[in-house]
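Shown next, in structure tokens, is the structure this report addresses.
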Amino acid sequence: MRLIIPFISGLLFGVGLLYSGMADPQIVQGFLDPFGDFNPALLWVMVGALSVSVIGVIIARIRRKTLLGEPLLFPVNSKINKELVLGGLLFGAGWGLVGICPAPALVLLGRGMWEGAIFILAMIVGMKVVAYFKR
């Protein structure tokens with residue numbers, strides 16, 4: 001069960017990304033360009049994802065345990081601080097430049113597209129740089 005549940009989750013996520021077209025950087029960039037050729041497709045995917053997630057969270061809060069019987073630990077609200085704002089701005093800049101975020105980068109890599117490999121490599125370097133300076 002410990003391997004099956006993450007596998008099914010990843011499978012659903014990957015199928016959803018490809019089926020909705022969200023692995024296509026041009027669609028994502030269209031969403032990020034509200035003053036140009038705006039494409040609301042990502043907004044509708046997020047609304048659909050949030051709708052399903054809310055139902056899952058409600059069920060999880062009632063159950064208070066995972067499907068494996070372990071206690072559920074829900075996230076607590078955190079304050080908006082400098083790291084959150086700066087990190088969000090940097091994430092947005094990286095996302096907006098190429099229209100790729102981590103999950104679609106993995107999809108692109110799986111499809112043999114070099115853009116996914118370069119993005120993932122650069123993302124790992126960026127995370128290592130932050131981890132080094134946050135020590």
Side-chain angles (χ1 to χ4, degrees):
M1 265 314 239
R2 288 190 182 277
L3 297 177
I4 292 173
I5 293 172
F7 178 80
I8 291 171
S9 291
L11 186 67
L12 291 171
F13 191 86
V15 168
L17 272 176
L18 281 180
Y19 192 72
S20 66
M22 292 304 111
D24 183 343
Q26 289 183 338
I27 291 175
V28 175
Q29 284 180 317
F31 173 76
L32 297 173
D33 186 11
F35 304 111
D37 192 17
F38 180 66
N39 182 347
L42 179 58
L43 175 67
W44 297 119
V45 169
M46 295 303 289
V47 167
L50 192 58
S51 301
V52 172
S53 293
V54 165
I55 294 169
V57 168
I58 290 170
I59 292 170
R61 286 191 183 277
I62 292 169
R63 288 179 41 97
R64 300 207 151 284
K65 290 189 176 189
T66 67
L67 292 176
L68 301 174
E70 297 174 359
L72 276 171
L73 302 173
F74 292 99
V76 294
N77 288 337
S78 60
K79 294 181 179 176
I80 296 174
N81 57 26
K82 182 180 71 175
E83 287 84 10
L84 180 65
V85 172
L86 185 57
L89 292 171
L90 292 170
F91 179 90
W95 191 30
L97 283 172
V98 292
I100 303 172
C101 66
L106 291 172
V107 172
L108 294 175
L109 181 65
R111 295 167 88 183
M113 298 176 73
W114 61 269
E115 295 93 339
I118 298 294
F119 185 91
I120 290 170
L121 177 64
M123 185 176 66
I124 291 170
V125 169
M127 291 189 303
K128 290 290 184 188
V129 167
V130 171
Y132 176 80
F133 284 108
K134 275 194 150 184
R135 276 194 249 166

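Just so we're clear, the structure is a prediction, and the values are computed from it rather than from any experiment.
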Least distance between heavy atoms, A105 atom then F119 atom: CB-CD2, 3.4 Å
Exceeds 12 heavy-atom contacts within 6.0 angstrom, atom CZ of F38: yes
Atom CG of L89 with >12 non-hydrogen neighbours under 6.0 angstrom: yes
Transitive ILVMFWY side-chain link L97 to I118, under 4.5 Å: no
From I4 atom CD1 to L11 atom CG, the distance as rounded to the nearest 0.5 Å: 12.5 Å
Heavy-atom closest pair, residues P40 and F31: CA-CD1, 4.4 Å
L3-F7 co-clustered via ILVMFWY side chain contacts under 4.5 Å: no
Pair listing, salt bridge (charged side-chain N to carboxylate O under 4.0 Å, His left out) test, anchored in residues 110-135, at least two apart: none
Nearest non-hydrogen partners of A23 and P104, listed with the distance: CA-CB, 3.9 Å
Within 6.0 angstrom of R64 CZ, more than 12 heavy atoms from elsewhere: no
Cluster overlap L18 with M46, hydrophobic side-chain contacts below 4.5 Å: yes
Between CG on residue L106 and CE on residue M123, distance to nearest 0.5 Å: 6.5 Å
Pairwise distance CD1(I100) to CG(L108) - rounded to 0.5 angstrom: 5.0 Å
side-chain contact (heavy atoms from CB on, under 4.5 Å) between D33 and Q29, worked out: CA-CA 6 Å; D33 186 11; Q29 284 180 317; over 6 Å; no
Common cluster, M127/L109, ILVMFWY with side-chain heavy-atom separation under 4.5 Å: yes
Heavy atoms of other groups near N81 CG, more than 12 under 6.0 Å: yes
V28 with L43, same ILVMFWY side-chain cluster at under 4.5 Å: yes
More than 12 heavy atoms of other groups within 6.0 Å of E83 CD: yes
side-chain contact (heavy atoms from CB on, under 4.5 Å) between L17 and M22, worked out: CA-CA 5 Å; L17 272 176; M22 292 304 111; 3.7 Å; yes
For V54, the option from I58, V52, V57 that meets side-chain contact (heavy atoms from CB on, under 4.5 Å): I58
Option among D24, L32, I27 that satisfies the side-chain contact (heavy atoms from CB on, under 4.5 Å) test with N39: I27
